[in-house]
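The next block holds one structure in the form of structure tokens; read it before the comments.
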Amino acid sequence: MVDVAAIFKAYDVRGIVPDQFDESVARATGAAFVEVLDVLAGSGAVVVGYDMRPSSPALAAAFAEGVASTGADVINIGLASTDQLYFASGRLNLPGAMFTASHNPAQYNGMKLCRAGAAPVGADSGLRDIGDLVAKALVDGPVPSAVPGKIREKDLLTAYADHLHDLVDLTKIRPLKVVVDAGNGMGGHTVPAVFATGPVEIVPMYFELDGSFPNHEANPLDPKNLVDLQAKVVEVGADLGLAFDGDADRCFVIDEKGDPISPSAITGAVAVRELAKHPGATILYNLITSKAVPELVTEHGGVPVRTRVGHSNIKEKMAETDAVFGGEHSAHYYFKDFWRADTGMLAALHVLAALGEQDKPASDLFAIYERYVASGELNNTVDDAAATVAAIEDTYGSQADITVDRLDGLTVSAPQWWFNVRVSNTEPLLRLNVEAADRATMERVRDEVLALIKGNN
């Protein structure tokens, strides 16, 4: 019997196929999704998309069968990036399901679920209830409707590309050469459609859709997966490099020298562009994003709002504050004009527009958004995360000029540095992020905290 609780995480469903996640789970989830979201009392239909993993079409089909078994209809958009599924959910005003394991290795698959208008489904907004119904259905069996719903197909790729271009116009920028590493993921599906015309010359890398990931994992957050792109950018004399993860909802940026541009710097740059269109607007940033972001937002007349990590948290806060944009240091970027959903492609268009509207190289243009030195996220295996975090708080909490908060994990701040430690939702890990005014200070604080972590385990 599948351990449903093990694969229904805080924000999505993810597990090894078929040991942890199979078609029976997908089918039961389709039926439970309709019940928990009360689809039949609302739109009466669900939109479904899937990525290039070999197991994705069958899992998506099983989910569609589960939806249809309740009497609800299904609109299948076929191969899609996750942000393309969000577009479909927003454009059609339907709840949706995307079959993908994002950046995870080839043996994994999963689902990302949303309400109509791409609104999030998280642990406290339906996902836990869906999981409970799935666990019950796997024991008791499904209860089919007397009149099953219909399943039909709809191609929305061109409409998705057109919508992005309506939001960011690239027709007047200078010509740019851009290397794109799709990592054999869904960027190989969406990038050709988005850049079919215009002044951007795309140099493609690993555009073949292949869920076995023969070249490298489709996880640009790991520096080793950027090495090929960095070399290619320098080799061909490109203006920029873009790397997408497996489901192409995140985008990482490489400058013309082959150096990564921090996602926090991208957040700052896009925030400035959004504030030029929406003076005085609210901009969200999660608490492990560089403090340069709230500084930039304030300097450009906006209102910065700090949030917890995670897409459900960001989307809910966007709705609450009417924010126009939000960014996470993991390279998730959220736009009010995109149904408050995350889209790496729209962020990439903003980056290209910012670069192409002036003459500086990317390294010079984005340097103004890089004000501090960061450690990157450091993962530490721990025996007792709560006790370790408490020990860290005891060490720093009573010191002068230091503030402590518990918005998400533990954040400790001083005039010249800050750090955050957070417990992983899915693994016995404590995640550490440190930022400081200079490298020596960052390394000192980093090493102090790591010593505390290791000393308590």
Side-chain angles (χ1 to χ4, degrees), residues 81 83-84 87 157-182 187-188 190-205 207 220 229-230 232-244 248-279 281 283 296 300 324-325 327 331 333-338 342-370:
S81 61
D83 68 326
Q84 187 185 338
F87 164 79
L157 180 58
T158 300
Y160 158 81
D162 290 344
H163 180 70
L164 294 175
H165 287 300
D166 287 341
L167 297 177
V168 179
D169 182 9
L170 295 182
T171 59
K172 297 181 177 62
I173 68 170
R174 63 183 169 95
L176 296 173
K177 178 185 285 188
V178 179
V179 181
V180 177
D181 183 347
T190 55
V191 168
V194 173
F195 295 97
T197 61
V200 179
E201 175 192 351
I202 297 295
V203 179
M205 294 184 68
F207 270 38
L229 174 62
Q230 291 171 291
K232 193 69 171 180
V233 166
V234 174
E235 175 192 332
V236 303
D239 297 288
L240 204 70
L242 302 174
F244 290 93
D249 63 347
R250 289 189 296 159
C251 181
F252 289 72
V253 184
I254 303 298
D255 71 19
E256 84 288 354
K257 297 179 179 179
D259 295 325
I261 299 173
S262 161
S264 285
I266 300 302
T267 296
V270 176
V272 169
R273 288 179 55 82
E274 287 291 289
L275 287 169
K277 293 192 298 182
H278 307 284
I283 303 291
L296 286 159
H300 287 81
V324 299
F325 172 67
Y333 306 105
Y334 306 79
F335 296 84
K336 180 180 178 180
D337 290 339
F338 201 80
D342 42 324
T343 164
M345 189 67 76
L346 183 53
L349 293 183
H350 274 285
V351 168
L352 293 172
L355 181 60
E357 288 168 0
Q358 52 83 68
D359 295 327
K360 292 180 182 177
S363 58
D364 289 348
L365 174 64
F366 291 100
I368 61 174
Y369 303 104
E370 301 264 20

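No donor-acceptor distance shorter than 3.5 angstrom exists from the side chain of His278 to the backbone of Glu274, with no hydrogens or angles considered. Checked by atom type and distance alone, the side chain of Arg174 never pairs as donor or acceptor with a backbone atom of Glu357 at under 3.5 Å. With hydrogens and angles disregarded, a donor-acceptor distance shorter than 3.5 Å links the side chain of Asp239 to the backbone of Lys177.
Here the CG-CE distance, from Leu229 to Met205, works out to 6.0 Å after rounding to the nearest 0.5 Å. Note: Asp181 CG to Gln230 CD = 10.5 Å, rounded to the nearest 0.5 Å. Here the CD1-CG distance, from Ile202 to Leu242, works out to 7.0 Å after rounding to the nearest 0.5 Å. Atom CG in Leu346 sits 10.5 Å away from atom SG in Cys251 (nearest 0.5 Å). Note that the NZ atom of Lys336 and the CG atom of Leu167 stand 13.0 Å from one another [nearest 0.5 Å]. Rounded to the nearest 0.5 angstrom, Phe338 CZ and Phe325 CZ are separated by 13.5 Å.
One finds no salt bridge joining Lys360 and Glu256 here, because no Lys/Arg side-chain nitrogen approaches an Asp/Glu carboxylate oxygen to under 4.0 Å.
The minimum heavy-atom distance linking Ala353 with Val168 is given by the pair CB-CG1, 3.8 Å. Closest approach of Gly268 and Leu296 over heavy atoms only: CA-CD1, 4.0 Å. The nearest pair of heavy atoms linking Leu352 to Ile173 is O-CD1, 3.9 Å. Gly241 approaches Val233 most closely through the heavy-atom pair CA-CG2, 3.7 Å. For the pair Ser81 and Ala248, the tightest heavy-atom approach, listed with the atom from each and the gap, is CB-CB, 3.9 Å. The nearest pair of heavy atoms linking Pro192 to Gly187 is CD-O, 3.8 Å.
Two residues are said to be in side-chain contact when any heavy atoms from C-beta on lie closer than 4.5 Å; Val272 and Tyr369 meet this criterion. With contacts defined as side-chain heavy-atom distances shorter than 4.5 Å, the pair Asp337/Lys277 qualifies. Here the side chains of Leu170 and Val200 are in contact, with some heavy-atom distance below 4.5 Å. Taking 4.5 Å as the limit, every side-chain heavy atom of Tyr334 sits out of range of all side-chain heavy atoms of Thr343. Val180 has its side chain out of reach of Val203: every pair of non-hydrogen atoms, C-beta onward, lies at least 4.5 Å apart. Counting only heavy atoms from C-beta outward, the side chains of Phe207 and Val191 approach each other to under 4.5 Å. Taking the side chain as every heavy atom from C-beta outward, Phe244 and Thr190 never approach each other to under 4.5 Å. Here the side chains of Tyr333 and Val270 are not in contact, with every heavy-atom distance at 4.5 Å or above.
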message: Between Glu201 and Val178, is the side-chain contact (heavy atoms from CB on, under 4.5 Å) condition met? List the steps.
response: CA-CA 6 Å; Glu201 175 192 351; Val178 179; over 6 Å; no

field: side-chain contact (heavy atoms from CB on, under 4.5 Å) assessment of Leu176 paired with Leu240
entry: CA-CA 8 Å; Leu176 296 173; Leu240 204 70; over 6 Å; no

Sequence neighbours excluded and cut-off under 3.5 Å, please list the side-chain donor-acceptor pairs for residues 257-265, or say none.
residue: Ser262; atom: OG; partner: Ser264; partner atom: N; Å: 3.0
residue: Ser264; atom: OG; partner: Ser290; partner atom: N; Å: 3.0
residue: Ser264; atom: OG; partner: His329; partner atom: ND1; Å: 2.6

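Ring geometry for His165 versus Phe195: interplanar angle over 60°, hence perpendicular rather than tilted (30 to 60°). Between Phe335 and His350, the ring planes are parallel. Angles under 30° get that label, and only those over 60° would be called perpendicular.
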